[in-house]
Amino acid sequence: VKKLNRLGNDWVRAALSYPFDVLLVQTYGDCEIFNQVLNKKCAFWVPYCYNDHLFYPRNDVQKNLDIGAFFKLERHDHRIAFLDRVKKIADKNGYSFEFSDEYWGEAYAENICRPKVMLHLSYCGDIPWRLYECAASKTCLLTDPLSFHVERLFTRGKDYIEYKKDFSDLEDKITLLLDNDQMREDIVENAYRKVQNYTWERISDALIYPLL
């Protein structure tokens with residue numbers, strides 16, 4: 001705990017002040033850090049999971065939007081510039097584009113089914129909930145490069161598509177996906193099959209209940 005407290009991780013100090021038998025962490029690799037600090041083997045990695053009663057393919061919702069982007073602007077220094085670039089790309093090519101900063105609840109779950117391509121810009125390459133939500137909703141995700149061992153969960157180029165960190169190929173990737181219906185369909189089907197492993201019920205049954 002002292003090692004982590006020196007780094008200013010107040011949330012870690014608060015979390016470890018509670019009595020617990022099992023500690024579940026969402027970022028792959030953090031369990032090793034906690035186990036070293038605690039000198040125990042009580043921390044386990046549990047991947048993100050999603051509510052399949054909320055996120056699912058909605059056959060009554062039409063794919064009537066070319067590009068969607070649903071996220072908060074103030075949480076990322078580059079998201080406003082990113083949206084400006086996307087809008088120029090959409091205007092130049094005649095793509096329909098919609099932005100919303102509402103990304104929770106029933107309305108969002110329905111709205112996420114509308115775009116043919118959903119755009120994402122991560123905070124630091126972290127694995128986003130949106131990857132699960134889009135996969136479950138059969139919407140193709142186009143995002144900046146993801147890390148944090150995302151390859152243990154999803155496959156780049158097959159379950160989702162990445163654009164370069166400097167946005168230099170963003171227009172090419174958007175055009176590629178919108179011009180190739182079969183490619184886009186293959187991606188969403190691959191991701192949909194993969195994400196079935198990460199429902200709340202599946203993760204609880206496979207990982208959490210056995211640990212407890």
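Predicted model, so just to flag it, every value in this text is computed and none were measured.
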State the CH2-SG distance between Trp129 and Cys134, to the nearest 0.5 angstrom. 14.0 Å
Can you get from Leu24 to Ile127 by hopping between Ile, Leu, Val, Met, Phe, Trp and Tyr side chains that sit under 4.5 Å apart? yes
Salt-bridge criterion met for Asp84 and Lys88 (N-O under 4.0 Å): no
Which atom names give the shortest non-hydrogen contact between Ser137 and Cys113, and what distance separates them? CB-SG, 3.8 Å
State whether the side chain of Asn51 and the backbone N or O of His53 hold a donor-acceptor pair below 3.5 Å, judged by distance alone. yes
What's the separation between atom CG in Leu207 and atom SG in Cys49, rounded to the nearest 0.5 Å? 9.0 Å
Check this for me: Asn39, atom CG, are more than 12 non-hydrogen atoms of other residues, nucleotides or ligands nearer than 6.0 Å? no
Are Glu106 and Tyr108 linked by a side-chain donor-acceptor pair shorter than 3.5 Å? no
Would you check, one step at a time, whether the test side chain to side chain contact (heavy atoms under 4.5 Å, CB included) holds for Cys31 with Trp45? CA-CA 6 Å; Cys31 54; Trp45 173 63; 4.1 Å; yes
Find the distance between CD1 (Ile174) and CG (Leu142) and round it off to the nearest 0.5 Å. 6.0 Å
Atom CD of Glu102 with >12 non-hydrogen neighbours under 6.0 angstrom: no
Check whether Asn180 reaches the backbone of Gln182 with its side chain - one donor and one acceptor, N or O, closer than 3.5 Å. no
Identify the heavy atoms of Pro57 and Ala136 that sit nearest to each other, and give their distance. CD-O, 3.2 Å
Check: Leu121 main-chain N/O paired with Arg130 side-chain donor or acceptor under 3.5 Å: no
Are the side chain of Asn111 and the backbone of Ala107 linked by a donor-acceptor contact shorter than 3.5 Å? no
Point-to-point distance, once rounded to the nearest 0.5 Å, from CG of Leu23 to CG of Asp21: 11.0 Å
Using 30° and 60° as the class boundaries, would you call the ring planes of Phe154 and Tyr198 parallel, tilted or perpendicular? tilted
With a sphere of 6.0 Å drawn around CD of Gln62, does it hold more than 12 non-hydrogen atoms of other residues, nucleotides or ligands? no
Looking only at non-hydrogen atoms, find the nearest pair between Leu83 and Phe71 and report the distance. CD2-CZ, 3.9 Å
Cys42 and Phe20 have their tightest heavy-atom pair at SG-CE1, 3.9 Å
Classify the angle between the aromatic ring planes of Tyr163 and Phe82 as parallel (below 30°), tilted (30 to 60°) or perpendicular (above 60°). parallel
Step by step, would you call Lys41 with Phe34 a side chain to side chain contact (heavy atoms under 4.5 Å, CB included)? CA-CA 9 Å; Lys41 291 185 178 180; Phe34 279 111; over 6 Å; no
Between the main-chain N or O of Tyr95 and the side-chain N or O of Asp66, is there a donor-acceptor pair closer than 3.5 Å? no
Counting only N and O atoms by type, is there a donor-acceptor contact under 3.5 Å from the side chain of Asn190 to the main-chain atoms of Asp159? no
Heavy-atom closest contact (Ile203 atom, Pro47 atom, distance): CD1-CG, 4.0 Å
Do Lys173 and Glu162 meet the salt-bridge criterion of a basic N to acidic O distance under 4.0 Å? no
What distance separates Lys138 NZ from Ile112 CD1, expressed to the nearest 0.5 Å? 15.0 Å
When clusters are formed by joining ILVMFWY residues with side-chain heavy atoms under 4.5 Å apart, either directly or through shared neighbours, do Met183 and Ile67 land in the same one? yes
Testing Leu146, Thr143, Leu153 for side-chain contact (heavy atoms from CB on, under 4.5 Å) with Leu131, which one passes? Leu146
Is there a donor-acceptor pair closer than 3.5 Å between any side-chain N or O of Thr199 and the backbone N or O of Arg202? yes
Given side chains that start at C-beta, do those of Arg114 and Glu98 come closer than 4.5 Å, heavy atoms only? yes
Side chains of Ile161 and Leu141: does their closest heavy-atom pair fall under 4.5 Å? no
Pair Thr155, Tyr160: side-chain N/O donor-acceptor within cut-off below 3.5 Å: no
Any Asp181 side-chain heavy atom under 4.5 Å of Glu185 side chain: no
Is a side-chain donor or acceptor of Arg184 paired with a backbone partner of Leu177 at a separation under 3.5 angstrom? yes
Consider only side-chain heavy atoms of I, L, V, M, F, W and Y, link residues closer than 4.5 Å, and tell whether Leu73 and Ile89 are in one cluster. yes
Tightest non-hydrogen contact, residues Ala69 and Phe97, listed as CB-CE1, 4.0 Å
Count the heavy atoms of every other residue, nucleotide or ligand shown that sit under 6.0 Å from CD of Gln26, and state whether that count exceeds 12. yes
Cluster check Tyr48, Phe70: I/L/V/M/F/W/Y, side chain < 4.5 angstrom: yes
Check the hydrophobic clustering (I, L, V, M, F, W, Y; side-chain heavy atoms under 4.5 Å; chains of links allowed) and say if Tyr50 and Tyr28 are grouped together. yes
Are Gln196 and Asp52 linked by a side-chain donor-acceptor pair shorter than 3.5 Å? no
Could you tell me whether the side chain of Lys63 and the main chain of Pro115 form a donor-acceptor pair under 3.5 Å? yes
For the residue pair Thr139 and Lys116, confirm or rule out a side-chain donor-acceptor distance under 3.5 Å. no
Would you mind checking if Glu171 and Arg85 are paired as a salt bridge, meaning a charged N to carboxylate O distance below 4.0 Å? no
Pairwise distance CH2(Trp104) to CG(Leu54) - rounded to 0.5 angstrom: 13.5 Å
Check against side chain to side chain contact (heavy atoms under 4.5 Å, CB included), Thr27 and His149: CA-CA 9 Å; Thr27 300; His149 294 278; over 6 Å; no
Before giving the answer on side chain to side chain contact (heavy atoms under 4.5 Å, CB included), spell out for Val117 and Leu178 the whole-Å C-alpha distance, their side-chain angles and the decisive distance to 0.1 Å. CA-CA 7 Å; Val117 175; Leu178 290 178; 3.7 Å; yes
On the six-membered ring of Tyr56, is Arg58 placed so that its NZ or CZ lies under 6.0 angstrom from the centre and within 45° of the ring axis? yes
Any side-chain heavy atom of His120 within less than 4.5 Å of one from Asp144? yes
